[in-house]
Number of protein chains: 2
Amino acid sequence: MASDAQTGRAPSIRDVARLAGVSHQTVSRVLNNHPSIRVETKARVQQVMDDLQYRPNRAARVLVTSRTRTIGVLAAAATQYGPASSIQALEKAARAEGYFVNTTNLDGTDRASIERGLNHLLDQAVEGLVVIAPQVRVFETFHDMNISLPFVTLQSTGTTEHALSVDQISGARLATRHLIELGHRSIYHLAGPQDWIEAEARMHGFLTELSANDVPATAPILGDWTAEFGYYAGRELLRVRDFTAIFSSNDQMALGLIHAIRESGLDVPRDVSVVGFDDIPEAAHFWPPLTTVQQDFGELGRRAIALLLGNIDDQGASPATLVPDLIVRKSTARPAF
Amino acid sequence: MASDAQTGRAPSIRDVARLAGVSHQTVSRVLNNHPSIRVETKARVQQVMDDLQYRPNRAARVLVTSRTRTIGVLAAAATQYGPASSIQALEKAARAEGYFVNTTNLDGTDRASIERGLNHLLDQAVEGLVVIAPQVRVFETFHDMNISLPFVTLQSTGTTEHALSVDQISGARLATRHLIELGHRSIYHLAGPQDWIEAEARMHGFLTELSANDVPATAPILGDWTAEFGYYAGRELLRVRDFTAIFSSNDQMALGLIHAIRESGLDVPRDVSVVGFDDIPEAAHFWPPLTTVQQDFGELGRRAIALLLGNIDDQGASPATLVPDLIVRKSTARPAF
DNA sequence: GAACACGATGTGACCGTGCACATCGAATTG
DNA sequence: CAATTCGATGTGCACGGTCACATCGTGTTC
């Protein structure tokens with residue numbers, strides 16, 4: 001009855017202790033590598049751990065320390081390249097810091113779905129939050145549920161302290177300026193959903209750059225990030241055809257746009273120039289290869305973690321601004337006029 | 001000193017009990033809605049819970065029940081549409097069943113990375129595993145670490161009981177037959193990495209269909225799922241140009257392929273027909289719109305959970321075979337000969 | 001050489017739940 | 001009407017770690 005280890009439960013710290021002939025506390029010290037332990041004692045304990053394939057029980061640790069070391073990700077478009085890449089990088093970075101990540105995907109973007117997502121995350125007692133979703137609505141909900149938790153939003157204007165400053169505005173200005181410099185004067189903007197902070201920022205950048213160059217502004221078209229939408233928007237737009245260039249808020253919509261343009265017998269870039277945003281890996285292989293604004297999604301994810309853990313562990317992090325690059329390929333040219 | 005609730009710790013079951021004037025066990029019963037509780041008692045407890053914004057402590061529960069209700073996902077290409085969609089659906093389905101999901105992304109596909117990923121998952125005591133990665137290598141590692149855990153692989157030939165039977169083979173045959181029926185006799189296959197079971201299955205389907213129709217087989221080209229690879233493979237292939245059609249193992253590589261073909265002055269589908277696999281949302285907007293094999297990634301994810309929870313909760317699930325569809329668009333035509 | 005510091009280790013309580021068992025009153029049964 | 005059953009509730013312990021504190025032997029200090 002001394003070796004009642006076959007109870008089905010995994011070996012515990014006390015099982016290790018017994019076999020190593022030490023107290024459970026000594027085992028705990030080995031686990032947290034406490035300085036004052038004799039090397040041979042440590043070795044002996046470690047040996048027993050290996051033999052037993054011992055793994056510390058996370059739940060027990062969490063219970064006593066009340067630290068879950070888990071950060072939550074609230075995602076709305078985890079299917080798209082950008083968010084997916086950021087999440088991947090973020091998860092990796094968190095893991096390297098000994099943190100766990102729980103990614104929860106919203107069922108929809110309505111209030112109830114957001115609430116459900118947040119609740120799921122709170123049930124796990126996440127220590128911080130990364131929001132990759134319509135931030136505006138999430139933060140409202142967040143506030144109404146009056147929860148206070150360190151959080152970071154992946155892409156933003158940089159107004160809040162919680163926000164990672166990827167300069168979406170300057171990225172959008174870069175794209176717009178490129179079109180203006182080529183000689184375009186009638187430029188449309190296919191925007192993203194306006195409750196995504198980055199969509200709003202890109203639109204803002206677009207309008208700012210237009211007015212800075214005295215180019216007449218056009219009303220942005222509000223899209224949903226999909227190629228499908230880009231396609232139908234393109235077809236609508238072509239009925240009038242009072243433009244020579246379009247700046248799309250992401251690459252997928254640009255693809256749909258090009259599809260519509262070409263289907264109507266026009267050519268890109270001869271008749272219409274198109275600029276995208278994101279530089280997804282496929283963009284270089286669109287036909288024509290897409291001129292677009294490159295974002296480093298991986299870096300974004302890593303910085304999100306750095307910023308968040310900085311908040312959690314209370315040392316202030318420095319979110320230096322990431323400036324996106326314009327990648328000029330073949331989808332833009334001088335207007336035919 | 002009776003109201004020592006401001007200790008910083010969240011309210012516990014006993015805080016609720018005290019305020020409701022019942023024992024902690026009664027509160028626990030309310031939580032797990034035990035049948036024999038007076039409705040008014042239940043209401044009173046619930047009221048206190050709301051007031052306190054009480055949330056059950058998951059760690060404590062896990063500790064005592066030794067059930068984590070967490071399933072782990074080991075992912076290698078979470079950045080791509082297919083895997084990402086499956087993960088998203090899977091996470092949602094798991095959540096609906098009261099399970100938590102932890103997605104761990106492999107740093108690489110080497111042995112050490114896989115081991116690291118598995119360890120991370122085991123540290124959380126996941127109750128089951130979904131593998132979206134080079135399965136062959138994962139299972140070897142899995143075996144060598146001699147861990148036994150219910151697991152499911154998302155896409156496979158259907159040989160194992162653990163495997164979800166999406167019939168990748170018949171999907172590939174569908175695509176190949178389509179090309180043959182159009183009159184093609186010189187068909188290449190751009191395959192995926194061979195330690196992905198689905199890549200191997202698609203290749204198998206391709207070869208089977210060729211031989212069933214007495215069409216001479218060609219050596220498959222082993223790719224890495226990326227558009228970039230498709231592009232370079234296409235350039236290589238075009239130096240010889242002894243083919244009229246290519247079946248690509250996924251849509252991204254097909255895109256790169258088309259890019260290379262068109263760049264060399266040839267046309268798709270006039271000179272070369274191309275078929276993809278997956279039907280990512282962008283495929284309909286490629287130029288030309290891509291003929292491809294459609295997979296229901298969401299359904300895949302949902303079934304993975306159903307199968308896994310069936311194993312965990314011990315009721316045998318029935319993994320009826322999902323048969324993919326061929327979506328004919330504009331990238332295929334009769335050979336010009 | 002007594003007082004003390006310190007390194008190495010052990011002891012017991014505690015974290016927030018669920019489980020097994022006990023209790024107690026009311027309804028049912030013979 | 002006593003015995004039994006059952007519904008509604010309470011009591012105490014266990015889960016597997018960490019923390020605060022105690023213990024003990026040894027070297028250092030004055």
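Every chain is numbered from 1, with letters handed out A, B, ... down the list of sequences. Computed from a prediction, not measured in an experiment: that's the story for all the values here.
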Task: Touch class at under 4.0 angstrom, heavy-atom based, for V62(B) against every strand present - done: nothing
TODO: Between P56(A) and K42(B), name the one whose nearest nucleotide on DNA chain D is closer to the 5' end.
DONE: K42(B)
Open item on the list: Could you check whether T70(A) and Q124(A), counting side-chain N and O atoms only, form a donor-acceptor pair closer than 3.5 Å?
Closed with: no
Task: Whole angstrom value for the distance that separates P of dC19(D) from CG of N32(A) - done: 7 Å
Open item on the list: If the threshold is 4.0 Å, N to carboxylate O, is there a salt bridge linking D123(A) and R55(B)?
Closed with: yes
Task: Distance below 4.0 Å between R29(A) side-chain N/O and dT9(C) OP1 or OP2 - done: no
Task: Between dG16(C) (P) and D15(B) (CG): distance, integer Å - done: 8 Å
TODO: State which of dG10(C), dT9(D), dG18(C) makes the closest approach to the side chain of T26(B).
DONE: dT9(D)
Open item on the list: Tell me the interatomic distance from H34(B), atom NE2, to dG7(D), atom P, rounded to whole angstroms.
Closed with: 9 Å
Open item on the list: Let's see if you can work this out: which of dA8(D), dG18(C), dT9(D) has an atom nearest to the side-chain heavy atoms of V64(B)?
Closed with: dG18(C)
Open item on the list: Could you tell me how far apart R18(A) (CZ) and dG10(C) (P) are, to the nearest whole angstrom?
Closed with: 15 Å
Task: Distance test, side-chain N/O of R61(B) to OP1/OP2 of dG18(C), below 4.0 Å - done: yes
Open item on the list: Could you report the tightest heavy-atom contact between L74(A) and A133(A), atom names first, then the distance?
Closed with: O-CB, 4.0 Å
- [ ] Return the 5'-most residue of the pair H24(A), R55(B) with respect to DNA chain C, ranking by each residue's nearest nucleotide.
- [x] H24(A)
- [ ] Compare the minimum distances between each of dG10(C), dT9(D), dG18(C) and the side chain of Q25(A), then state the nucleotide with the smallest one.
- [x] dG10(C)
TODO: Please say whether the positively charged group of R302(B), taken as NZ for Lys or CZ for Arg, lies over the ring of F297(B), i.e. under 6.0 angstrom from the six-membered ring centre and within 45 degrees of the axis.
DONE: no
TODO: Check the distance between dT17(C)'s C1' and R14(B)'s CZ and give it to me in whole angstrom.
DONE: 8 Å
- [ ] Please report, rounded to the nearest Å, how far the C1' atom of dT9(C) is from the CD1 atom of I13(A).
- [x] 14 Å
Task: Nucleotide dG16(D), atom P - distance to CZ of R58(A) in whole Å - done: 16 Å
- [ ] Select from P35(B) and A10(A) the residue whose nearest nucleotide in DNA chain D is closer to the 5' end of that strand.
- [x] P35(B)
Task: Nucleotide of dG16(D), dG7(D), dT9(C) approaching T41(A) most closely (side-chain heavy atoms) - done: dT9(C)
TODO: In whole angstrom, give the distance that lies between atom CZ of R9(B) and atom P of dT18(D).
DONE: 13 Å
Open item on the list: So L63(B), base contact, sugar-phosphate only, or nothing? Heavy-atom distance under 4.0 Å.
Closed with: base
- [ ] For dG7(D), take OP1 and OP2 only and decide whether either is under 4.0 Å from a side-chain N or O of R38(B).
- [x] no
Open item on the list: Does dG10(C) have its OP1 or OP2 closer than 4.0 Å to a side-chain nitrogen or oxygen of S23(A)?
Closed with: yes
- [ ] Kindly say whether H143(B) contributes a backbone atom to a donor-acceptor pair with the side chain of N146(B) at under 3.5 angstrom?
- [x] no
- [ ] Compare side-chain N and O positions of N57(A) against OP1 and OP2 of dC15(D) and report whether any pair is under 4.0 Å apart.
- [x] no
Task: Test: R137(B) cationic atom under 6.0 Å from F142(B) six-membered ring centre, within 45° of axis - done: no
